[in-house]
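One structure is given here, and the rest of the page talks about it.
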Amino acid sequence: MLNSLTLLLEKLFFLTHLNAFRPSLLFSDTDRAREKKRSIYQRGDLLEVPRTLFTHFGIYLGDNRVAHLIPDILPLFTTDKRSIRVMVTNTRLVLGVLSKSASIRVDTVEDFAYGASILLNAMDTTVQKRPLDGEEIASRAEKLVGKIPYSLLWNNCEHFVTYCRYGIAISIQTDKFCDWLKSVIRDHRSVPLTAFLGILSVVYLGMSSYTAIPTLLIPFTLWMAG
């Protein structure tokens, strides 16, 4: 039951953060040239970019390298390191999220950004903890490189970088999603909607314990929690 609930919440989180392929995020040639000329990143910096599903995070290691936790479906189908080392595309990323397959890998700044603009240490203003020493931050990231289980809610790229930089694994995006979900649960207007959807499932799928129990239990739970 708990696993089913977690899976449902992750799918809902996935849908509410879907913002794929926004052209406005792409760098112009001038922007790219300007970015290459600047040497603004220090070892241990937290880099932040908008990607397919949500904001993506990484830890700068120096020498134009970034360690980041990224979902990827490809390692489930091949052990060819040359293929896997190619930067994860949006399709591979989305399928990796759905299959809960991921790794902490090291890529160039350009591959990590994937055409998006980069924010530098922006999370320092929202996390109520001072960053660790830059060398310790980078060392933590380097020690974790490799395959890792993935979860949108409990183990994503934000958990990775906050653990490395602040010593605590948290996800502000997940917290915001949970706050939104609480507001939906507390809104009694969601009760008749869930009841209606439950009745539709009974009509189309037939009366059984798999349809009748959720039809009654979910609206009742929302009503009592409101």
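Everything quoted here is computed from the prediction, not taken from an experiment. Side chains are part of it too, since the values below use all heavy atoms of this structure and drop only hydrogens, waters and symmetry mates.
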Self-check item: Near-ring test His56/Phe112, centroid separation under 6.0 angstrom
Solution: yes
Self-check item: NZ/NE/NH1/NH2 to OD/OE distance under 4.0 Å, Asp45 and Arg43
Solution: no
Quiz prompt | Side-chain ion pair, Arg85 and Asp107, N-O less than 4.0 Å | solution = yes
So does [Y] get a backbone contact from the side chain of [X], meaning a donor-acceptor N/O pair under 3.5 Å?
| X | Y | result |
| --- | --- | --- |
| Asp63 | Arg65 | no |
| Arg92 | Thr89 | no |
| Tyr166 | Asp124 | yes |
| Ser101 | Asp72 | yes |
| Arg165 | Met123 | no |
| Thr162 | Ile168 | yes |

Can you name the closest pair of heavy atoms from [X] and [Y] and give their distance?
| X | Y | value |
| --- | --- | --- |
| Ile73 | Ser99 | CD1-OG, 3.2 Å |
| Ala67 | Leu61 | CB-CD1, 3.9 Å |
| Cys157 | Thr55 | SG-O, 4.0 Å |
| Pro50 | Ser117 | CD-O, 3.6 Å |
| Leu132 | Cys164 | CD1-O, 3.6 Å |

Hey, could you give me the [atom1]/[atom2] distance between [X] and [Y], rounded to the nearest 0.5 Å?
| X | Y | atom1 | atom2 | answer |
| --- | --- | --- | --- | --- |
| Leu95 | Phe77 | CG | CZ | 8.0 Å |
| Ile70 | Phe160 | CD1 | CZ | 12.0 Å |
| His159 | Leu153 | NE2 | CG | 8.0 Å |

Is it the case that one hydrophobic cluster holds both [X] and [Y], taking links as side-chain heavy atoms less than 4.5 Å apart, direct or via other members?
| X | Y | value |
| --- | --- | --- |
| Val97 | Leu74 | no |
| Val106 | Met87 | yes |
| Leu93 | Val86 | no |
| Tyr150 | Leu144 | yes |
| Val88 | Ile84 | no |

So [Y] and [X], do their side chains get closer than 4.5 Å, heavy atoms only?
| X | Y | result |
| --- | --- | --- |
| Phe57 | Leu47 | no |
| Tyr60 | Leu120 | no |
| Leu119 | Val49 | no |
| Asn156 | Leu69 | no |
| Leu152 | Lys100 | no |
| Val127 | Ile170 | yes |

Quiz item: Run the side chain to side chain contact (heavy atoms under 4.5 Å, CB included) check on Glu158 and Ile172 step by step: do they pass?
Solution: CA-CA 8 Å; Glu158 196 170 4; Ile172 297 173; 3.3 Å; yes
Self-check item: Any donor-acceptor N or O pair under 3.5 Å, side chains Asn121, Glu48
Solution: no
Quiz prompt | salt bridge (charged side-chain N to carboxylate O under 4.0 Å, His left out) against Asp80, all qualifying residues, sequence neighbours excluded | solution = none
Self-check item: Set of residues satisfying salt bridge (charged side-chain N to carboxylate O under 4.0 Å, His left out) with respect to Arg140, sequence neighbours excluded
Solution: Glu136
Practice problem: Take Asn155 and Ile148 through the side chain to side chain contact (heavy atoms under 4.5 Å, CB included) test and state the conclusion after the steps. | Solution: CA-CA 9 Å; Asn155 191 38; Ile148 190 171; 3.7 Å; yes
